[in-house]
Amino acid sequence: MARPRRSDDTRQLLVEEGAAGFLANGYHGTGIKQVLDAVGVPKGSFYNYFDSKESFGRAVIDYHARCIQRNLAEALGPAPDPVTGLRAFFAKQMDEFVESDYTGGCLIANLGGELEGSETLRESLSGAFRTWRDGVAEALREAQELGLVRADIEAEELADLLVESWEGSVIRMKVDRSLEPLHKCLRRLLDDYFRP
């Protein structure tokens, strides 16, 4: 396998630092200079990697969407069934929320509330949500086939309900500084409404 070029490494470091910055301070609250300084890249070099802050934002959103896909696959892979895998996926997120002292939340949801004016970033966010929803829907579809989840509602619709409820619960978690809204979301859906 070919070794990544240094410029590829640097671009990835910028994206990762951007994701951390956007999560902590938002898109508008994160300056390019701040990201460049953290990675140790001269300011004039930014345009060697990205055309604009908007293209940088798109790269950060795409990176975050890939992280969600990876985490979902890692949780579902060893799980004895898809519902257990989904629980493991959400449990890992809860562990990360506790580790960050209930700050940050979900990058996609945070940026969704901040970036109404950019059609490019809105499309990226919509695609990221859709990718996440599709992964959850696939797990729920498999759970339906196993008789673990009700089959009278399409898996995509159940996945939308789960992801959207989770995101609302993340906001409440941040306000209350408690995991209880997240536990309640999973109890109400996975342990009740989604049951066959």
Only pairs under 3.5 Å count here: list side-chain donor-acceptor contacts from residues 32-47, not counting sequence neighbours, and write none if there are none.
{"residue": "K33", "atom": "NZ", "partner": "D37", "partner atom": "OD2", "Å": "2.7"}
{"residue": "Q34", "atom": "OE1", "partner": "G31", "partner atom": "N", "Å": "3.3"}

Within 6.0 angstrom of [X] [atom1], more than 12 heavy atoms from elsewhere:
| X | atom1 | value |
| --- | --- | --- |
| R150 | CZ | yes |
| R188 | CZ | no |
| E123 | CD | yes |

Taking the side chain from [X] and the backbone from [Y], do they hold a donor-acceptor pair closer than 3.5 Å?
| X | Y | result |
| --- | --- | --- |
| E114 | H28 | yes |
| S55 | S52 | yes |
| N110 | G104 | yes |
| T30 | G21 | yes |

Item to complete: Go through the steps to decide whether F129 and E164 satisfy the test side chain to side chain contact (heavy atoms under 4.5 Å, CB included), and finish with yes or no.
Response: CA-CA 9 Å; F129 262 121; E164 292 162 6; over 6 Å; no
Looking at [X] and [Y], what are the two nearest heavy atoms and their distance?
| X | Y | result |
| --- | --- | --- |
| F50 | A59 | CE2-CB, 3.7 Å |
| V136 | A159 | CG1-CB, 3.8 Å |
| D176 | P181 | OD2-CG, 4.3 Å |

Cut-off 3.5 Å, no hydrogens considered: what does the side-chain donor-acceptor table look like for residues 68-83, sequence neighbours left out?
{"residue": "N71", "atom": "OD1", "partner": "K92", "partner atom": "NZ", "Å": "3.4"}
{"residue": "N71", "atom": "ND2", "partner": "C67", "partner atom": "O", "Å": "3.4"}
{"residue": "D81", "atom": "OD1", "partner": "V83", "partner atom": "N", "Å": "3.0"}
{"residue": "D81", "atom": "OD1", "partner": "T84", "partner atom": "N", "Å": "2.8"}
{"residue": "D81", "atom": "OD1", "partner": "T84", "partner atom": "OG1", "Å": "3.1"}
{"residue": "D81", "atom": "OD2", "partner": "T84", "partner atom": "OG1", "Å": "2.9"}

Worksheet item: In a check of side-chain contact (heavy atoms from CB on, under 4.5 Å) between E156 and each of R130, E138, R141, which one passes?
Response: R141
Item to complete: Decide side chain to side chain contact (heavy atoms under 4.5 Å, CB included) for F194 and L86; before the verdict, give the C-alpha distance in whole Å, the side-chain angles of both, and the deciding distance to 0.1 Å.
Response: CA-CA 13 Å; F194 286 14; L86 287 172; over 6 Å; no
Discussion item. As a quick check of understanding, evaluate side chain to side chain contact (heavy atoms under 4.5 Å, CB included) for R187 and Y193, giving each step before the final call.
Written reply: CA-CA 9 Å; R187 273 196 316 269; Y193 186 71; over 6 Å; no
Practice prompt. For the residue pair I61 and L111, establish whether any side-chain heavy-atom pair is separated by less than 4.5 Å.
Written response: yes
Worksheet item: Can you say whether the rings of F90 and W166 are parallel (under 30°), tilted (30 to 60°) or perpendicular (over 60°)?
Response: tilted
Worksheet item: Can a donor-acceptor pair be found between the side chains of S126 and R122 at a distance below 3.5 Å?
Response: no
Discussion item. For F97 and Y102, I'd like to know if the aromatic rings sit close, meaning centre-to-centre distance below 6.0 Å.
Written reply: no
Practice prompt. Determine whether L148 and L162 fall in the same hydrophobic cluster, where Ile, Leu, Val, Met, Phe, Trp and Tyr are linked whenever their side-chain heavy atoms lie under 4.5 Å apart.
Written response: yes
